[in-house]
Protein chains: 2
Amino acid sequence: MEQVIERIGLTLSGMGMPRMAARVFAAVLVSEQGRVTSAELAATLRISPAAVSQAVQYLENVGMIARDREPGRRRDHYRLLSEHWYEQMFTSRDRMLVAIEGDLTAAVGAIGVGSAAGQRLDETRRFFAYLRGELPKLIERWREREAASGHAEQA
Amino acid sequence: MEQVIERIGLTLSGMGMPRMAARVFAAVLVSEQGRVTSAELAATLRISPAAVSQAVQYLENVGMIARDREPGRRRDHYRLLSEHWYEQMFTSRDRMLVAIEGDLTAAVGAIGVGSAAGQRLDETRRFFAYLRGELPKLIERWREREAASGHAEQA
DNA sequence: AAGTCCCTTCACAAATTTGTGAATGTCGTG
DNA sequence: CACGACATTCACAAATTTGTGAAGGGACTT
């Protein structure tokens, strides 16, 4: 079980997530209830409470997990914000694409479309703009597909 | 001009490319001829020849630039392997998606689809499998669009 | 063959990122 | 209010990544 968690953690950190956050997220993802306590995370991953705290903060900030606490209880729980968490990656990807397009637009403006370099950069800019338009449709078709195949269990 | 290079370099490193490789690639991308020498790169980016060498090696390995040398000349040139270099990112992205799907398949196998965690991971696996199928079509439609709009100048 | 230009290699320094110990803060219990 | 369980904060240690100096190698020139 811990092996599975570490492997998924490696995959997620390979996709750009900070290492500890990736491991913590993997532990939450793999948990039966989709929710764990800080102490459970520290024990499962063999890390310090401080590391749990920082990773959890990151994951909350990027909207991947949420913190719970039952009234009258001392322990915090951390749970998946969404079962379809992977769609989240497209939200952050979209922000990145916006940034890239902005950079390229500025670059083309500085160089001018008349030059070979400018044309090359302008083509790249158009590609990223195209991606931004297409990715939501990709998600949409995915959802339809899942619904059609009976896998969807809308929360 | 150097500002443009550094900005694009930052964007590319934000997308996962090693920092020096990103800067070197940005310098090549922005060059008028799409090709530069090692000395030009070292001067433009104010880095050591060793740094240029390592960055160039990385970029060759991932198939983004190629090395040229004119017969009778001592200086190497580094040029874009393709004007549509951004499509390359999907090749490497596809490899990553294959790896992710493999990890998830193993995880589901270990946990079992009967559990909530197993179902969650299986859904994620299906999503990445879907992405792998869709990304080539995305590229295809992009090419058609460019061709239709008269921007395409097939090399 | 020797010299020089250009490039690569790699041990190691420098820079950056990651993770912790211990102090501090919050909140529930008695 | 005091105490204890649980969590956070942050200075700093540890780990990792990045970039270089200098030695070495390849290829062109003389």
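Lettering of chains follows the sequences in order, A, B, ..., and the numbering in each one begins at 1.
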Point-to-point distance, once rounded to the nearest 0.5 Å, from CD of B/Q33 to CG of B/L80: 11.5 Å

Reported OG1-to-CD distance for the pair B/T44 and B/E6, which is rounded to 0.5 angstrom: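 One gets 10.0 Å once the value is rounded to the nearest 0.5 Å.
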
Euclidean distance, atom CZ of residue B/R67 to atom P of C/dC7 [Å, nearest integer]: 8 Å

Which nucleotide in the list [options] gets nearest to the side chain of [X]?
X: B/R74; options: D/dT20, D/dT29, D/dT9; value: D/dT29
X: A/P49; options: C/dT20, D/dG19, D/dT8; value: D/dT8
X: A/Y78; options: D/dT8, C/dC6, D/dT20; value: D/dT8

Short side-chain N/O contact from B/S38 to OP1 or OP2 of C/dC7, under 4.0 Å: yes

Side-chain N or O of B/Q57 closer than 4.0 Å to phosphate OP1/OP2 of C/dT9: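 Affirmative; the distance criterion is met.
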
Sugar-phosphate, base or nothing in reach of A/S53, heavy atoms under 4.0 Å: base

Any side-chain heavy-atom pair of B/M20 and B/L45 under 4.5 Å: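 A side-chain contact is absent here, since even the closest heavy-atom pair is not under 4.5 Å.
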
Along DNA chain D (nearest heavy atom to each residue), the more 5'-positioned of A/D76 and A/R19: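 By nearest-heavy-atom nucleotide position, the 5'-most residue is A/D76.
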
Exceeds 12 heavy-atom contacts within 6.0 angstrom, atom CZ of B/R73: no

